[in-house]
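Side chains included, hydrogens not; waters and symmetry mates left out as well; all remaining heavy atoms used. Just follow the structure's listing: the first ligand is 1, and inside any ligand the first atom is 1. The structure presented is a predicted model; accordingly, all values stated were derived computationally and were not measured.
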Amino acid sequence: MTDKKYENIEIKREGALTFLMLNRPDKRNAMSPGLHADMCDALEALSVDAATRVLIIGGNGPAWCAGQDLKLYFREGAKDPALRRKASNDSHRWRWELLSKFPKPTIAMVHGFAFGGAFTQLCACDFAIVAEDATFGLSEVNWGIIPGGIVSWNLAEMMLPRHALYYAATGEPFDGKRAVELGLANFAVPAKDLRSRTVEFASKLTKLNPNVLRYTKEAVRVVRGMNVEDAKDYLAVKQDSLMRLDKEIGDRVGMTEFLDKKSYRPGLGPYQRGS
Ligand code: ACO
């Protein structure tokens, strides 16, 4: 498959894994209006790309993402309302709507720097694997702005209130190990191992049933905003829908393997069934 070439991002493939890389290394992958438009286009295309089983969001060069481009997004946008409106819409669309609802598992693979607006795509990804020495920061306070877009909401969702307020109010940077403690990342690994550890984890995901994965990620995200009665009802309907969608689940293949054939013990090896 030949992927479209973009000015501000790059698509790389490794088997069933697709790496979607921010590609403005000279500007530390700060998010310009052009980058936002490119990401909207690429995520729309990859969401229906059968070859993509797991999507990894990375960054070329020394940074994962230095946040919104202060010059092209904020300064130029302030002079041109039409540009600002489109950039703002695109920015929200790819970083939240498209990414948080992406139909395959998504992993943020974070190295170098992650600042400000980059927290939205960090939180939109299903998983985050980060370099131990990566630097995270809610630097908005230094620019005289609040963590806007939906960053404050992302923080309130992902972090305990004391931590969210502390880092938002002070702008104090923290490293990858602290990001795990704060609930923003799953694993912190040495920077030199970041790619291999991400590929290792992503490859495990490719061995799980893709429909179950998709329904699970949708369910876990959606029930957060529900009361317990609504969640119970929603999950029952969701499970019913999954049984209809997926023949392996509908036929209860896993139960047959465990109860009758005695060929499969999920408690001993969650990734053993093959895809
Ligand atoms: N917006 C615009 N340009 C940026 C941004 C940004 N957010 N971040 C970096 N750049 C540019 C720099 O202006 C510089 O451009 P130049 O080569 O034309 O001078 C280039 O990227 C390299 O930046 P350096 O600062 O030289 O790189 P260094 O590796 O030393 O530092 C760091 C990287 C720590 C990320 C630093 O650039 C920085 O603090 N950037 C601002 C981060 C920030 O506060 N982001 C939040 C923005 S607000 C928001 O997202 C809502």
Side-chain angles (χ1 to χ4, degrees), residues 6-10 21-40 57-81 83-100 108-125 128 130-159 164-179 182 184-185 188 191-192 194:
Y6 293 94
E7 193 181 333
N8 304 290
I9 61 175
E10 184 185 19
M21 310 296 287
L22 306 197
N23 192 27
R24 301 183 72 222
D26 292 349
K27 300 296 180 190
R28 304 302 183 259
N29 296 321
M31 297 180 285
S32 62
L35 182 143
H36 289 311
D38 285 354
M39 285 298 276
C40 285
I57 304 291
N60 286 340
W64 190 62
C65 177
Q68 297 287 10
D69 190 307
L70 291 155
K71 185 173 176 213
L72 299 179
Y73 184 87
F74 285 115
R75 187 183 275 176
E76 298 301 319
K79 295 183 213 155
D80 183 344
L83 170 86
R84 179 58 197 269
R85 183 174 166 77
K86 179 171 182 341
S88 173
N89 287 343
D90 285 350
S91 169
H92 179 68
R93 181 157 170 70
W94 82 261
R95 289 181 309 148
W96 189 253
E97 287 173 27
L98 293 175
L99 202 48
S100 71
M109 180 178 74
V110 182
H111 76 290
F113 300 104
F115 282 104
F119 276 63
T120 293
Q121 63 261 37
L122 174 68
C123 296
C125 285
V130 303
E132 289 170 350
D133 63 359
T135 303
F136 296 78
L138 292 155
S139 57
E140 286 89 338
V141 65
N142 301 303
W143 304 110
I145 55 178
I146 60 173
I150 58 164
V151 171
S152 291
W153 184 80
N154 294 134
L155 304 177
E157 277 249 299
M158 283 271 162
M159 295 162 79
L165 186 52
Y166 178 84
Y167 287 104
T170 64
E172 186 177 300
F174 52 91
D175 66 14
K177 289 183 181 171
R178 184 71 178 141
L182 295 173
L184 285 168
K192 66 178 175 41
L194 179 63

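In this structure, the side chain of Arg24 engages the main chain of Ala30 through a donor-acceptor pair within 3.5 Å. A donor-acceptor pair under 3.5 Å links the side-chain atoms of Ser152 to the main chain of Pro147, judged by distance alone.
Checking Arg93, His92, Lys86 one by one against Asp90, the side-chain hydrogen bond (donor to acceptor under 3.5 Å, both in side chains) holds for a single residue, Lys86. Partner of Asn23 under the side-chain hydrogen bond (donor to acceptor under 3.5 Å, both in side chains) criterion, out of Asn8, Asn60, Asp38: Asn60 alone.
In this structure Trp153 satisfies the ring-ring contact (aromatic ring centres under 6.0 Å, His included) test together with Trp96, sequence neighbours excluded.
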Ligand 1: which protein N/O atoms lie under 3.5 Å from its N/O atoms?
{"residue": "ligand 1", "atom": "1 (N)", "partner": "Leu70", "partner atom": "N", "Å": "2.8"}
{"residue": "ligand 1", "atom": "7 (N)", "partner": "Ala66", "partner atom": "O", "Å": "3.0"}
{"residue": "ligand 1", "atom": "7 (N)", "partner": "Gln68", "partner atom": "O", "Å": "3.0"}
{"residue": "ligand 1", "atom": "15 (O)", "partner": "Lys27", "partner atom": "NZ", "Å": "3.3"}
{"residue": "ligand 1", "atom": "18 (O)", "partner": "Lys27", "partner atom": "NZ", "Å": "2.4"}
{"residue": "ligand 1", "atom": "21 (O)", "partner": "Asp26", "partner atom": "O", "Å": "3.3"}
{"residue": "ligand 1", "atom": "27 (O)", "partner": "Arg28", "partner atom": "NE", "Å": "3.2"}
{"residue": "ligand 1", "atom": "27 (O)", "partner": "Arg28", "partner atom": "NH2", "Å": "3.3"}
{"residue": "ligand 1", "atom": "29 (O)", "partner": "Arg28", "partner atom": "NE", "Å": "2.8"}
{"residue": "ligand 1", "atom": "29 (O)", "partner": "Arg28", "partner atom": "NH2", "Å": "3.3"}
{"residue": "ligand 1", "atom": "44 (O)", "partner": "Ser139", "partner atom": "OG", "Å": "2.6"}
{"residue": "ligand 1", "atom": "44 (O)", "partner": "Trp143", "partner atom": "NE1", "Å": "2.9"}
{"residue": "ligand 1", "atom": "45 (N)", "partner": "Ala66", "partner atom": "O", "Å": "2.8"}
{"residue": "ligand 1", "atom": "50 (O)", "partner": "Gln68", "partner atom": "N", "Å": "2.8"}
{"residue": "ligand 1", "atom": "50 (O)", "partner": "Gly117", "partner atom": "N", "Å": "2.9"}

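Environment of CD in Glu7: sparse, with no more than 12 heavy atoms of neighbouring residues, nucleotides or ligands closer than 6.0 Å.
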